[in-house]
Amino acid sequence: MTFQDLNLLKNIQQALADEGYENPTPIQEQAIPIILEGTDLVGCAQTGTGKTAAFAIPILNALHHIVGSAKKVKYIRTLVITPTRELALQIGESFETYGKYTNIRQLTIFGGVNQVSQTDQLKKGVDILIATPGRLLDLHKQGFINLDHLHTLVLDEADQMLDMGFINDVKKIIKLTPDNRQTLLFSATMPIAIRELADTFLTKAKYVSVAPISSTAERVKQQLYYVDKGDKRKLLYHLIRNENLNNVLVFTRTKHGADNVVKALKKNGVEAGAIHGDKSQGARQRVLEQFKNKEIGVLVATDIAARGIDIESLPYVVNFDLPNIPETYVHRIGRTGRAGKEGLSISFCSKDELPYLKDIEKLIRLQLKVIDGHPYPYPDASEAKPDEQKKPDLRNKNKQANNSRKSEASKKNKKRWY
Ligand code: AMP
């Protein structure tokens, strides 16, 4: 199927051609016709599948007919609710990109920044509003937002909004919109609370689903390094230098951990930056831009800050800490191996993380490939994977080799790291 087959407006097709998009992705193929006919939709799709364009393209197409000339009075016709500022900005960019040959005006609003520039834009009038839940409710309460003319409501990353405790805000927002709206709900996973939300607030919705959780995992090459907790930073540095990793997104479990990794890398001459909840919006944006422009080679992030970050052709993801929720692992590695490109995910597993590893492998129904022969294994790493490494002579050989490499490496690295 091509975009021509979807009967889109010429000016939207042109914008897609400018982006180099040739064919719709599976979620776009399924969702665009449904959205164009005005039906409610539940889309089970992860970031990386092209889901933003799957709703942005038909919304722009429909709005173009309603909005017409630039001079017409503006009402908010489409509202997109999304959990994080980063996602909101990326969705805004997508609407801008695909709608660049239309007169449709859009605005992205989120908390943590001064509201004045946002309210100034709202006063001028916008057709599409992209918002995080808190700021939307806040500005609505202050009287800056009128949703009476809303045509389409998009709930993006619904499961993430649930995880982040936004579900009541989302329900409040839905109640501010007209009953005859079109509602589109996108979620990477479909926990029961999301199904209930869909059943309550959507009407005769059609369900589309792409890339079940295991298929993302199958697309990406996944490696596992058993490593002592205290050696993880050294191993990361070793891989960056020796395997020439560049353009690496590193996940840590805590903000503090993210800062420590950045500090250690910088001390050793590796340009790195962190994004997490304690950084200001400006600082996060700056670091993200530097990473996208390849001014820094390593971006260290916590899950919430990184969720939905869209960086084209990201080659490497490092799970510096394994997540305690196995689905998070799938979200993380979904940052690489996009749009048919090869991706590599490297996971560090310390002894205390073995239960997390077990859960992950159960979920993805795959055993991660263990890389041994690196300088920082934990001494009894071989016992963690009994099936693969039961051949005793090989195990001893590896152990000896590892131990001697380890002592050499630790001698070499001592000065650099402490
Ligand atoms: P998303 O799932 O919305 O985060 O999109 C993932 C990435 O796929 C983004 O970088 C989009 O620019 C890109 N993309 C979306 N649709 C297409 C398409 N039809 N062809 C090529 N790339 C696409």
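All heavy atoms count here, side chains included; hydrogens, waters and symmetry mates do not. As the structure lists them, so they are numbered: ligands from 1, and atoms in each ligand from 1. All values derive from a computational prediction rather than experimental measurement.
Aromatic rings from F251 and F320 are positioned such that their centres are separated by 6.0 Å or more.
For a threshold of 3.5 Å applied to N or O pairs, the pair formed by E22 and ligand 1 contains no separation below that value. The shortest N/O to N/O separation between G50 and ligand 1 falls below 3.5 Å.
Of the options K74, Q106, R105, H149, a side chain to side chain donor-acceptor pair (under 3.5 Å) to D127 is made by K74 and by none of the others. Evaluated for a side chain to side chain donor-acceptor pair (under 3.5 Å) with H276, the options T254, D259, T302 yield exactly one hit, D259.
Ligand 1 has N23 within reach: a non-hydrogen atom of the residue lies less than 4.0 Å from it.
The aromatic rings of F186 and F55 sit tilted relative to each other, their planes meeting at an angle between 30° and 60°.
Counting only non-hydrogen atoms, the option in F3, F55, Y21 that gets closest to atom 12 (O) of ligand 1 is Y21.
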